[in-house]
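Heads up: the structure comes next, in structure tokens.
Numbering of residues begins at 1 and proceeds along the displayed sequence. Here the structure is a predicted model, which is why all the values come from computation and not from measurement.
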Amino acid sequence: MAQDNPTQLPQVLLLHPSQCFTALESKASHKFHFLKAWDSPLPQAQFLQSQATSAQVLLSFPRETPITAQLLQLLPSLKLLITISAGLDRVDLAACRARGVRIANSSPIFAADVADMAVGLFLDVMRKISAANRYVRDGFWVSRGDFVLGSKVGGKRVGIVGLGHIGLEVAKRLEAFDCKILYNSRKGKPSVSYPFYSDVCELAANSDVLVICCALTPQTRHMINKNVLLALGREGVIVNVGRGAIIDEKEMVQCLVQGEIKGAGLDVFENEPEVPKELFGLDNVVLSPHKAVLTADCFTDLTDLAMANLEAFFSNKPLLSEVVNY
């Protein structure tokens, strides 16, 4: 990988610009030849057919460009997909399996930042921080007097849906608040002592707060339905840092408007960037524009991980963040 001629370097295909890709190119242009589809005057499909048929690696952000079977057909030499995302809901996993394409994602990098956001949303909803900020800025402290009371955080029963990298980081943080951790996952984890609930509705019934951390799959789409929300109850709060469609958004909105649940902290939505307008006037709802992973430190770590995975792949060494058994 030390040739000076860029055309002799291992090829890495990029479909769209990104801050992470720019940083990676500045660090690794002497090791890899980056094929940037957006720099070509050709339509993307034509560029891939004419310029990228020998590319073995695709570095992508599926949120911008879904990885479809049609796209993969244009890349007959592809052996590895590196995504700068944690979720794989916009990747055609069956098509990748059929073509023997390995996948490396960025879940280990995102876990801490997403967990921080989950805890921040939880604290904000319970202690009404954003609502109190608006109350002061609007002059209501002077004109209306004291603000309404919030809720205690310590001792709350927190049900985590999806105890993977992110869920475990959320649990670790909330234990410091003296919260009781419960969880639902595809199967119980012998390595943890938290109570396991195979049924998410039963988890909700035994929780004060539900924190959604799992991946979006056909099995988890609308898993948090009206029955689960009603089981969570009028004093229950829901926090979502997973994917919007894990919750049946219409039912959640109705439950919030009608007071069937106490509040929500939401970083993700079912039809982003569209957000249900009914939520805008609710002081018990905290909204965030899918930015849980977006920190300056995260971009540096993403760049380092992507480069390490590229070096491992082209040196026939184990990938650092391979998704196994997908």
Side-chain angles (χ1 to χ4, degrees), residues 1-93 95-96 99-110 290-291 293-317 319-323 326:
M1 295 192 295
Q3 299 97 328
D4 291 328
N5 185 349
T7 60
Q8 296 177 357
L9 297 174
Q11 291 184 336
V12 177
L13 175 62
L14 308 175
L15 296 179
H16 43 76
S18 152
Q19 182 177 341
C20 176
F21 297 162
T22 301
L24 179 62
E25 186 179 16
S26 68
K27 280 187 176 183
S29 58
H30 64 293
K31 293 186 176 183
F32 310 106
H33 176 45
F34 293 98
L35 297 171
K36 295 177 282 189
W38 67 90
D39 272 354
S40 172
L42 298 174
Q44 186 181 89
Q46 191 176 340
F47 169 79
L48 297 180
Q49 288 176 314
S50 62
Q51 304 291 325
T53 54
S54 61
Q56 295 186 63
V57 180
L58 169 59
L59 184 58
S60 183
F61 190 19
R63 203 163 124 195
E64 298 291 338
T65 304
I67 307 302
T68 63
Q70 292 77 10
L71 177 66
L72 294 173
Q73 286 175 354
L74 301 175
L75 302 171
S77 301
L78 190 68
K79 297 290 188 294
L80 173 64
L81 168 66
I82 299 177
T83 76
I84 57 168
S85 65
L88 299 174
D89 48 291
R90 292 173 67 80
V91 176
D92 189 328
L93 299 178
C96 287
R99 292 179 170 273
V101 176
R102 299 164 69 189
I103 300 176
N105 73 351
S106 303
S107 183
I109 297 297
F110 290 144
H290 200 155
K291 70 177 192 69
V293 303
L294 300 181
T295 66
D297 306 291
C298 180
F299 279 113
T300 300
D301 294 341
L302 280 175
T303 301
D304 292 344
L305 179 62
M307 186 163 176
N309 274 319
L310 288 171
E311 291 175 334
F313 174 78
F314 287 114
S315 301
N316 294 313
K317 294 179 180 179
L319 300 173
L320 276 73
S321 59
E322 183 164 10
V323 180
Y326 67 82

Is the closest side-chain heavy-atom distance between [X] and [Y] below 4.5 Å?
X	Y	answer
L81	S60	yes
H33	Q8	no
D304	F299	no
Q11	V57	no
L93	V323	no
K36	H16	no

Distance-minimising heavy-atom pair for [X] and [Y]:
X	Y	answer
C96	V91	SG-CG1, 3.9 Å
Q56	F313	OE1-CZ, 3.9 Å
L58	L75	CD2-CD1, 4.2 Å
A55	L13	CB-CB, 4.3 Å
S54	S77	CA-OG, 3.6 Å
P10	K31	CD-O, 3.4 Å

Original post:
Going by atom types only, do N105 and S85 share a side-chain donor-acceptor pair under 3.5 Å?
Top reply: no
**OP:** Scan side-chain atoms only and decide if Q51 and S40 contain a donor-acceptor pair under the 3.5 Å cut-off.
**Re:**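 Result is no, nothing qualifies.
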Starting at [atom1] of [X], measure out to [atom2] of [Y] and round the result to the nearest 0.5 Å.
X	Y	atom1	atom2	answer
Q49	Q73	CD	CD	10.5 Å
L88	Y326	CG	OH	9.5 Å
R102	L78	CZ	CG	12.0 Å
I103	L80	CD1	CG	9.0 Å
L9	H30	CG	NE2	9.5 Å
F110	L294	CZ	CG	8.0 Å

Subject >> Residues F61, S18; criterion side chain to side chain contact (heavy atoms under 4.5 Å, CB included); working and verdict >> reply: CA-CA 8 Å; F61 190 19; S18 152; 5.6 Å; no
Subject >> L48 vs L15, side chain to side chain contact (heavy atoms under 4.5 Å, CB included): CA-CA, chis, key distance, verdict >> reply: CA-CA 9 Å; L48 297 180; L15 296 179; 4.1 Å; yes
**OP:** Answer yes or no: are there more than 12 heavy-atom neighbours, outside K27 itself, under 6.0 Å from its atom NZ?
**Re:**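 More than 12 heavy atoms, drawn from other residues, nucleotides or ligands, come within 6.0 Å of this atom.
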Expected output: side-chain [X] to main-chain [Y] donor-acceptor under 3.5 Å:
X	Y	result
S106	I109	no
S29	S26	no
S50	Q46	yes
N309	L319	no

**OP:** Establish, yes or no, whether a centroid distance under 6.0 Å links the rings of F21 and F34.
**Re:** no
**OP:** Go through the steps to decide whether L302 and V293 satisfy the test side chain to side chain contact (heavy atoms under 4.5 Å, CB included), and finish with yes or no.
**Re:** CA-CA 10 Å; L302 280 175; V293 303; over 6 Å; no
**OP:** For L35 and L14, run side chain to side chain contact (heavy atoms under 4.5 Å, CB included): C-alpha distance rounded to whole Å, both residues' side-chain angles, the deciding distance at 0.1 Å, then the answer.
**Re:** CA-CA 6 Å; L35 297 171; L14 308 175; over 6 Å; no
**OP:** Flag the pair K317 and E311 as a salt bridge only when some basic side-chain nitrogen lies within less than 4.0 angstrom of an acidic carboxylate oxygen.
**Re:**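 A salt bridge is absent here (no side-chain N lies under 4.0 Å from a carboxylate O).
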